[in-house]
**Q** 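Before I ask anything, let me first share the structure, which is written out below as structure tokens.
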Amino acid sequence: VGVCIGLTSIKFAFDEKFGLAIICIIVAGLIDGLDGRIARLIKGTSQVGKELDSLTDVISFGVAPAFIMYFWQLNTLGRVGWLICLVYVICVALRLARFNVNSETQPSWKDNFFEGVPSPAGGILVLMPLIYSKSEIQFLNVDFTYFTPILFILISILLISKLPTYSFKKIAVPRRLTIFLLFGVVLFFGLLLIYTYNVIVISSLLYLTLIPFSIFHFQNLNKKFKNESIDNEEHE
């Protein structure tokens, strides 16, 4: 389903229906966040599913966003615009290949962090100029001719970087706060349905703001873990 939605977003972009193309990528992101959980719930996890998930991500968050932005803006740059698209898609593929290799390691506290920006987040972040142009949040007068290729390059670097970013996979919520979490989730998706572009813009900016905090948090945890390891060796 994720592959079909990703390819359909390219068709919408080719027809210059960029709003529908954006919605397809958002839906693909939601599916990507649920597929692993559903597989574990029904005890249907497998190595094949893991590889298919990565191949789907390359299409939905690599190839599709690149084509959408190329049809919208990057084609005005000619060959340079196409080169930028190629670089971005390659970085998505490299990032997913590294993720598959690293996921073979034993579970640890580092599972709370990704190395670099995950591909679904990268796929949405590179669409930010297009989403911003359709939103009601127009606090900056942006020249998309220059901003779009610069953003593509920055996100490509973040994808293959080793900067720790929050994975949000192992969030422990106390039972007494569960009702508030559910309310927050419902409120978020309600706002997403009503103010789609505005919510995506704000969420993307918040995500980028969290990156420095995730780096600081990771370094503190890493330092604490090393100190505990040294203490254990000394006691032995």
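Reckoned from all heavy atoms, side chains included, excluding hydrogens, waters and symmetry mates.
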**Q** CH2/W72 to OG/S133 distance, rounded to the nearest 0.5 angstrom?
**A**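 Interatomic distance, W72 CH2 to S133 OG, rounded to 0.5 Å: 4.5 Å.
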**Q** Kindly work out whether a path of hydrophobic side-chain contacts (I/L/V/M/F/W/Y, heavy atoms less than 4.5 Å apart) joins L210 to F188.
**A**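 Yes, because L210 and F188 connect within a single hydrophobic cluster, where side-chain heavy atoms sit under 4.5 Å apart.
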**Q** When hydrophobic residues are tied together by side-chain contacts of less than 4.5 Å, even through go-betweens, does I160 share a cluster with F152?
**A**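 No: no chain of side-chain contacts under 4.5 Å links I160 to F152.
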**Q** To the closest 0.5 Å, what do you measure between OG (S167) and CZ (F114)?
**A**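 Spacing of OG (S167) from CZ (F114) equals 5.0 Å.
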**Q** I'd like to know if the side chain of R98 reaches the main chain of E115, judged simply by a donor and an acceptor atom lying under 3.5 Å from each other, with no hydrogens or angles considered.
**A**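 Between the backbone of E115 and the side chain of R98 there is a qualifying donor-acceptor contact (under 3.5 Å).
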**Q** How long is the gap from OG1 on T148 to CE on M69, to the nearest 0.5 Å?
**A**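 Going from OG1 on T148 over to CE on M69, the span is 4.5 Å.
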**Q** Same hydrophobic cluster for L20 and L193, using side-chain heavy-atom links shorter than 4.5 Å among ILVMFWY?
**A**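 In one cluster with L20: L193, no.
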**Q** So with a 6.0 Å cut-off around CZ of F71, is the heavy-atom count from everything else above 12?
**A**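 It does: F71 CZ has more than 12 such atoms within range.
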**Q** Is the side chain of S135 donor-acceptor paired with the backbone N or O of N198 at a distance under 3.5 Å, no angle test?
**A**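 Pair absent, no side-chain N/O of S135 close to backbone of N198.
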**Q** Determine yes or no for a side-chain-to-main-chain donor-acceptor pair under 3.5 angstrom, with T165 supplying the side chain and G116 the backbone.
**A**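 The answer is yes, because a donor-acceptor pair under 3.5 Å joins these two groups.
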**Q** Is there a path of hydrophobic side-chain contacts, each under 4.5 Å between heavy atoms of I/L/V/M/F/W/Y residues, joining I124 to V27?
**A**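 They do not share one cluster, since no chain of ILVMFWY contacts under 4.5 Å joins V27 to I124.
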**Q** Check for me, please, whether V117 and I215 land in the same ILVMFWY cluster - side-chain distances under 4.5 Å, paths through other members count.
**A**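 In one cluster: yes.
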**Q** Report, one line per pair, each donor and acceptor closer than 3.5 Å where one atom sits in a side chain of residues 6-15; sequence neighbours left out.
**A**
{"unit_1": "T8", "atom_1": "OG1", "unit_2": "C4", "atom_2": "O", "d": "2.6"}
{"unit_1": "S9", "atom_1": "OG", "unit_2": "G6", "atom_2": "O", "d": "2.5"}
{"unit_1": "K11", "atom_1": "NZ", "unit_2": "D15", "atom_2": "OD2", "d": "2.5"}

**Q** Please output the side-chain donor-acceptor pairs of residues 56-65 that fall under 3.5 Å, not counting sequence neighbours, one pair per line with the distance.
**A**
{"unit_1": "T56", "atom_1": "OG1", "unit_2": "L52", "atom_2": "O", "d": "2.8"}
{"unit_1": "S60", "atom_1": "OG", "unit_2": "G2", "atom_2": "O", "d": "2.9"}
{"unit_1": "S60", "atom_1": "OG", "unit_2": "T56", "atom_2": "O", "d": "3.3"}

